[in-house]
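One structure is given here, and the rest of the page talks about it.
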Amino acid sequence: MRWWCRARWLPAAVALVVVAWVAALLSAEQVVPFPTLVGPRVPVPLPYLVCAMGVAGIVYGLDRSRSALESTAVRSIALRDAALVGAVALACTAVGVAGAALGTPVVAGAARVMVAALGAYLVVRVVARPDLAALAPLGLLTCTVVVWDPSIGPGPWLMAAPDDVGAWGLSVALFFAGSFLLVRPPLRWVTPPGLRAGDGADETHHR
């Protein structure tokens with residue numbers, strides 16, 4: 001367990017998440033003018049950007065898992081990683097809900113951004129290039145903002161109202177999709193009966 005905590009850079013990663021939340025709470029009233037592709041600059045709450053960057057420590061720790069040693073480990077490292085990501089997402093959601101109940105609804109939106117950011121990282125890590133996955137959290141928020149036309153609505157998905165049920169549903173769905181990809185067993189290539197190894201990769205099947 002201690003080896004896993006050190007490998008995942010856990011103390012520093014958790015500390016970075018806490019710092020991000022403190023900064024988000026202190027900047028709850030501040031916005032950043034962000035350029036878009038469809039109109040003038042739009043006001044993006046600063047806590048959204050801070051929380052999207054706050055997952056950098058978690059992402060860095062998970063990136064350290066791509067090693068030959070862990071791929072042959074007996075214990076399920078992936079389950080521990082999923083538990084870590086789930087705990088962070090749950091804690092962020094709890095902070096967001098509490099902040100909204102205390103009269104600062106923007107922190108609920110920041111929590112939604114962090115949940116979606118973690119999910120985006122996990123999905124990109126598996127289905128695209130792992131070396132680009134670290135850019136996914138902030139990239140997801142940026143791509144959402146640049147297509148925002150404030151003249152036709154309050155904002156798409158992550159820019160929707162903090163209590164928008166549909167936006168929360170999309171973020172949670174993205175997170176669960178990433179978590180599933182994290183813990184699913186890797187594909188294993190097997191040789192069909194009667195075929196010698198090395199006879200041709202095109203005749204092999206995966207389980």
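Keep in mind the model is a prediction, meaning the values are calculated, not measured.
Listed here is the closest heavy atom pair of Ala110 and Pro47: CB-O, 3.9 Å. Between Thr144 and Leu158, the shortest heavy-atom contact is CG2-N, 3.8 Å. Annotation for Ala108 and Pro162: closest pair CB-CB, 4.1 Å, computed over non-hydrogen atoms. In terms of heavy-atom proximity, Ala23 sits nearest to Val50 at CB-CG1, 3.8 Å. Taking both residues in full, the closest heavy atoms of Ala136 and Val124 are given as CB-CG2, 3.9 Å, listed atom of the first, atom of the second, then distance. Shown here for Val17 and Gly54, the closest heavy-atom pair between the two residues is CG2-O, 3.6 Å.
Side-chain contact between Phe175 and Val123: absent, with no pair of heavy atoms (C-beta onward) separated by less than 4.5 Å. Counting heavy atoms from C-beta outward, Leu26 and Trp21 have side chains that stay 4.5 Å or more apart. The shortest distance between side-chain heavy atoms of Asp164 and Arg112 falls below 4.5 Å. Side chains of Val145 and Val42 form a contact here, defined as non-hydrogen atoms less than 4.5 Å apart. No side-chain heavy atom of Val97 sits less than 4.5 Å from a side-chain heavy atom of Val107. Side-chain atoms of Val106 and Tyr48, non-hydrogen and from C-beta on, do get closer than 4.5 Å to each other. Between Val183 and Ser179 there is no side-chain heavy-atom pair separated by less than 4.5 Å. For the pair Arg41/Thr36, no side-chain contact is recorded, criterion being any heavy-atom separation below 4.5 Å from C-beta on.
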Evaluate the criterion side chain to side chain contact (heavy atoms under 4.5 Å, CB included) for residue pair Leu49 and Leu141; output intermediate values, then yes/no.
CA-CA 8 Å; Leu49 298 171; Leu141 180 61; 3.5 Å; yes
Leu174 vs Leu140, side chain to side chain contact (heavy atoms under 4.5 Å, CB included): CA-CA, chis, key distance, verdict
CA-CA 11 Å; Leu174 180 60; Leu140 174 67; 4.0 Å; yes
Could you go through Met53 and Leu16, starting from their C-alpha distance and side-chain angles, then the distance that decides it, and tell me whether this counts as side chain to side chain contact (heavy atoms under 4.5 Å, CB included)?
CA-CA 9 Å; Met53 293 184 290; Leu16 185 58; over 6 Å; no
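Here the CZ atom belonging to Phe176 is positioned 12.0 Å from the OG atom belonging to Ser171, to the nearest 0.5 angstrom. Here the straight-line distance linking atom CG of Asp163 with atom CH2 of Trp168 works out to 10.5 Å at 0.5 Å rounding. Leu182 contributes atom CG, which lies 11.0 Å from atom CG of Leu118 (distance to the nearest 0.5 angstrom).
Taken together through direct or relayed side-chain contacts under 4.5 Å among Ile, Leu, Val, Met, Phe, Trp and Tyr, Val127 and Phe180 form part of one hydrophobic cluster. Residues Leu90 and Val113 fall into different hydrophobic clusters, defined by Ile, Leu, Val, Met, Phe, Trp and Tyr side chains chained together at heavy-atom separations under 4.5 Å. Criterion: ILVMFWY side-chain heavy atoms under 4.5 Å apart, direct or through other members. Under it, Val88 and Val55 are part of a common hydrophobic cluster. Cluster membership for Val32 and Leu37, using ILVMFWY side-chain heavy atoms within less than 4.5 angstrom, is shared. Under the 4.5 Å side-chain contact rule for hydrophobic residues, Leu122 and Trp157 share a cluster.
Residues meeting the side chain to side chain contact (heavy atoms under 4.5 Å, CB included) test with Val31, sequence neighbours left out: Pro43. Evaluation of the side chain to side chain contact (heavy atoms under 4.5 Å, CB included) rule for Val126 yields Leu181, Arg184 as partners, not counting sequence neighbours.
With hydrogens and angles disregarded, no donor-acceptor distance shorter than 3.5 Å links the side chain of Thr104 to the backbone of Ala100.
Heavy-atom contacts from other residues, nucleotides or ligands closer than 6.0 Å to CZ of Phe34 number more than 12.
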